[in-house]
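Notes follow the structure.
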Amino acid sequence: MNKAAPLNYNFFTPNVWLLIFFMGTGAIFAFFRFFYGFGSVTNLNAAYPFGIWIAFDVACGVALAAGGFTTAAIVEIFGRDKYHALVRPAILTAFIGYFLVGLAVFFDLGKYYNIWHALVYWNGTSVLFEVAWCVMLYLTVLGIENIPVVVEQFKGRVNLPGQLASFNRPSEWLLGQADNILNRTMAFFVIAGVVLSFGHQSSLGTMMLIAPYKLHDLWYTPLSPLLFLTSAVSVGLPMVIFEASLATVLFKREPETELLADIAKYIPMFLGTYLLLRIGDLAYRGVLAQAFDGSVQGNSFLVEFALFAVPYFMLKRRKIRRNALKLFLCALSVILGVVLNRFNVFLIGMDMGPEFNYFPSVGEFAVTFAFLAFGVFIYRMAVNYLPILEEQ
Amino acid sequence: MDISRRKFLQIGAVASGSVVCAGVKPASARDLREPNPEWLGMLNDTTRCIGCKACQVACKKENKLPKESTLNEAANVGRDVYDAPRGLSDRTYTLIKMQQAKEGGKATFVKTQCMHCSEPACASACIVGALKKQDNGAVAYDSKLCMGCRYCMVACPFSVPQFEWQNAIPSIKKCTFCRETRLKEGKPTACSTACPAGAITFGKRTELIKIARQRIEEDPERYQDHVYGEKEVGGTGVLYLARPKMQFASLGLPAFEYRTVAGLTESIQHRIFQYFIPPVAVYSVLGGIMYYNQRRKKNGGEEGGSHE
């Protein structure tokens with residue numbers, strides 16, 4: 001097995017400057033949001049109190065970070081060690097994803113400075129309460145799961161410049177302790193990460209069930225938590241494939257097609273479970289006909305369903321899995337399917353009547369793009385200076 | 001390989017199965033809580049309302065709410081002249097809307113405000129419990145606790161809670177039931193006191209239901225035999241009467257079911273965390289699988305080509 005190593009490329013490439021540009025633009029709009037109110041930046045209104053900052057940054061963010069717990073489960077729990085190379089990048093991106101989810105929540109809260117109230121003032125009946133706790137605990141777990149990477153890079157090599165040199169020994173001691181403790185307890189955190197993921201991935205699906213008279217029948221189902229969970233599990237590996245493929249192109253690395261093709265064989269299994277539950281639920285509740293009534297919601301459902309179903313049939317075939325481009329496109333399809341599904345539940349399926357509508361403003365898009373850019377920026381920094389990707 | 005893969009499936013099925021049992025089964029809503037006989041409420045008689053909007057004015061005065069102009073006077077005249085809200089907002093807690101019912105085509109004036117539900121979905125949804133049903137029947141909001149997540153706005157079936165979109169530090173705004181300003185001193189709500197037509201009756205909810213029934217009984221020509229809010233969404237503190245042969249839905253009062261809005265989410269939440277059994281069960285199953293796989297590896301049963 002190859003060892004992971006930092007890339008140590010030149011950091012400030014034109015692409016990185018592009019990321020910084022996006023982050024800067026978002027920061028300008030964020031300034032207005034924080035000092036002049038939501039009205040100055042967003043198109044949110046009484047009927048649509050949740051916009052893309054919730055539907056995309058939070059709901060999709062959490063779902064797309066599922067690569068972390070699915071990969072960890074397959075490799076560490078189910079013992080498929082040959083996919084080892086995929087774990088570190090997956091855990092890293094999950095950590096970045098959840099970090100950004102937290103940040104997005106902070107931006108979206110009217111009284112962001114009260115965010116700690118979620119820890120102190122409990123309301124057990126609230127779905128958000130469960131989501132908040134799980135996300136927070138899981139972010140902590142992901143942080144811990146990433147510590148070995150830092151330890152590996154710096155243990156025995158701490159060499160702070162100038163006056164900070166006196167901190168060298170305490171830092172070494174800290175790294176040594178962390179290494180020692182984590183070696184023995186990592187299994188506990190790995191499983192905890194999976195359980196916590198199960199918890200809040202499904203709870204996000206419970207969230208909009210609070211609005212039975214607003215959410216469209218195609219998505220309002222008691223099965224929603226399970227559908228959210230299974231779709232999140234389904235999108236885990238496609239995210240890993242998506243990221244690995246992009247890293248291959250952007251960092252000019254050797255393609256890992258064989259490894260990715262191999263792990264992709266699990267995707268149809270997860271997707272199949274999801275699709276079976278989805279169709280079964282719609283048929284059981286007798287609302288399938290609404291998908292074909294030509295409404296925005298109906299059409300949106302059909303697109304969503306196709307984005308899941310097509311890669312399911314494609315990825316069953318070995319030949320397609322072995323083709324890097326087709327594999328990438330299939331992964332992309334699943335990702336877009338999950339994104340559209342979350343948008344459907346949180347925005348498009350929220351039928352508030354003809355007099356209300358919502359389309360994200362330029363400012364909302366800018367802030368969302370800034371979050372995405374920030375995520376890529378952190379990833380770029382991490383793989384550059386920490387042993388995340390394996391040496392080739 | 002094939003055997004282990006089947007095992008993978010089986011175990012996955014067990015794990016997800018336990019989640020299914022935990023999360024999905026409780027489709028049935030829990031039982032309704034018995035309404036407290038001490039709860040206060042209001043009875044809005046749409047057959048009596050003349051649409052004078054005195055209640056709106058009284059509400060704005062009582063809660064010191066600014067004018068809301070839709071005529072762009074601020075730009076044209078330099079100040080707001082008319083108060084012309086179009087819907088509930090952070091500056092308008094109650095509003096008279098003229099509804100043209102499809103059946104009969106008669107205009108009916110309907111007062112909108114917080115319904116002060118017996119089982120408020122907003123209170124169930126609020127992550128920090130900033131919205132709470134009080135002993136006097138009011139659904140009260142605590143802006144100091146609130147984080148501004150706006151989940152209450154999603155939860156409310158009547159879309160009552162409003163957000164201060166224009167404020168840097170926004171709060172939720174809605175009808176207070178004059179809890180702090182008048183109820184404390186034993187006075188009825190400002191809107192009910194202001195009404196010149198006797199269309200808003202203030203009192204204990206149980207009494208109001210009796211009054212409503214009496215009115216229906218005494219004048220069945222005038223009233224529809226239904227008290228809106230007695231049962232809808234588990235009961236509301238503000239009740240409505242309407243003329244016969246008229247859908248409440250066409251008055252902006254949708255035909256909601258009698259069970260509570262938050263029943264499903266609450267029972268799902270409840271099951272997931274019942275004595276922490278489901279999470280602990282999933283944890284143990286996964287732990288068992290991990291232990292099994294690691295032991296097998298140690299015993300030389302290599303799988304997947306690992307050489308660690």
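These values consider heavy atoms only, across backbone and side chains, with no hydrogens, waters or symmetry-generated copies. Order of the sequence lines fixes the chain letters, A, B, ..., with proteins taken first and strands second; residue numbering starts at 1 for each chain.
For chain A, the option among B/Val261, B/Val154, B/Ile172 with the highest count of heavy-atom pairs below 4.5 Å is B/Val154. Most heavy-atom pairs under 4.5 Å with chain B, from the set A/Tyr48, A/Trp122, A/Tyr112, A/Tyr113: that is A/Tyr113. The most heavy-atom pairs under 4.5 Å with chain B, out of A/Phe129, A/Phe50, A/Tyr36, come from A/Phe50. Note: B/Cys126 leads B/Cys126, B/Pro254, B/Cys156 in heavy-atom pairs under 4.5 Å with chain A. Contact tally against chain A (heavy-atom pairs below 4.5 Å) for B/Ala130, B/Ala155, B/Pro161, B/Gly287: the top residue is B/Ala155. Of all the listed residues (B/Ala121, B/Gly129, B/Cys146), the one sharing the greatest number of non-hydrogen pairs under 4.5 Å with chain A is B/Cys146. With chain B as partner, the option from A/Val131, A/Val120, A/Leu109 having the largest number of non-hydrogen pairs under 4.5 angstrom is A/Leu109. With respect to chain B, the highest number of heavy-atom pairs below 4.5 Å among A/Val190, A/Thr221, A/Asn123 belongs to A/Asn123. When the candidates A/Asn114, A/Leu119, A/Ile210 are compared by the number of heavy-atom contacts under 4.5 Å with chain B, A/Ile210 comes out ahead. Options A/Val194, A/Val233, A/Leu128 differ in how many heavy-atom pairs under 4.5 Å they form with chain B, and the most are formed by A/Leu128.
Below 30°, between 30° and 60°, or above 60°: for B/Tyr283 and A/Phe188 the angle between ring planes is between 30° and 60°, a tilted geometry. Taking the six-membered ring where tryptophan is involved, the planes of B/Tyr228 and B/Phe158 are perpendicular, since the angle between them exceeds 60° and thus also 30°. Between A/Tyr121 and A/His117, the angle of the ring planes goes over 60°, which puts this pair in the perpendicular group of the 30/60° scheme.
There is no contact between A/Phe32 and chain B, counting heavy-atom distances below 4.5 Å. If you measure heavy-atom distances from A/Leu215 to chain B, you find no contacts under 4.5 Å at all. For A/Ala192, the parts lying near chain B are the backbone and the side chain together; criterion is any non-hydrogen pair under 4.5 Å. Proximity to chain B (any heavy atom under 4.5 Å) is restricted, for A/Ala132, to the side chain, taken from C-beta onward. Both the backbone and the side chain of B/Gln166 come within less than 4.5 Å of a heavy atom in chain A. Both the backbone and the side chain of B/Phe256 come within less than 4.5 Å of a heavy atom in chain A. Residue B/Ser89 does not touch chain A at all, counting heavy-atom pairs closer than 4.5 Å. With a threshold of 4.5 angstrom between heavy atoms, A/Asp262 does not approach chain B through any atom at all. Heavy atoms closer than 4.5 Å to chain A are found in the backbone of B/Ala123, but not in its side chain. Residue B/Glu164 does not touch chain A at all, counting heavy-atom pairs closer than 4.5 Å. Residue contact with chain B, scored on non-hydrogen atoms closer than 4.5 Å, involves the side chain of A/Met350 exclusively. Contacts between A/Phe356 and chain B at a heavy-atom distance below 4.5 Å are absent for every atom of the residue. If you measure heavy-atom distances from B/Phe163 to chain A, the contacts under 4.5 Å come from the side chain alone.
Between B/Val110 and B/Ile96 there is no side-chain heavy-atom pair separated by less than 4.5 Å. Between A/Leu227 and A/Leu277 the shortest side-chain heavy-atom distance falls below 4.5 Å.
Side-chain N or O atoms of B/Gln162 include one that pairs as donor or acceptor with a backbone N or O of B/Val160 at under 3.5 Å. A donor-acceptor pair is defined here as one N or O able to donate and one able to accept, closer than 3.5 Å; such a pair exists between the side chain of A/Tyr358 and the backbone of A/Ile52.
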After noting the C-alpha distance and the side-chain angles of B/Ser171 and A/Lys111, does the key distance pass the side chain to side chain donor-acceptor pair (under 3.5 Å) rule? CA-CA 8 Å; B/Ser171 291; A/Lys111 303 180 187 229; 2.8 Å; yes

Intermediate values then yes/no, side-chain contact (heavy atoms from CB on, under 4.5 Å), A/Ile77 and A/Ile191: CA-CA 8 Å; A/Ile77 296 179; A/Ile191 308 174; 4.2 Å; yes

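Counting all heavy atoms, side chain and backbone alike, A/Leu196 lies closest to A/Cys134 at O-SG, 3.9 Å.
Taking the ring axis of A/Phe38 as reference, the NZ or CZ atom of B/Arg150 stays within 45° of it and closer than 6.0 Å to the ring centre.
Within 6.0 Å of the CD atom in A/Glu258, the count of heavy atoms belonging to other residues, nucleotides or ligands does not exceed 12.
Between B/Asp142 and B/Lys132, none of the side-chain N atoms (NZ, or NE/NH1/NH2) sits under 4.0 Å from a carboxylate O, so this pair counts as no salt bridge.
Taking CZ from A/Arg80 and CG from A/Leu86, the interatomic distance works out to 14.0 Å, rounded to the nearest 0.5 Å.
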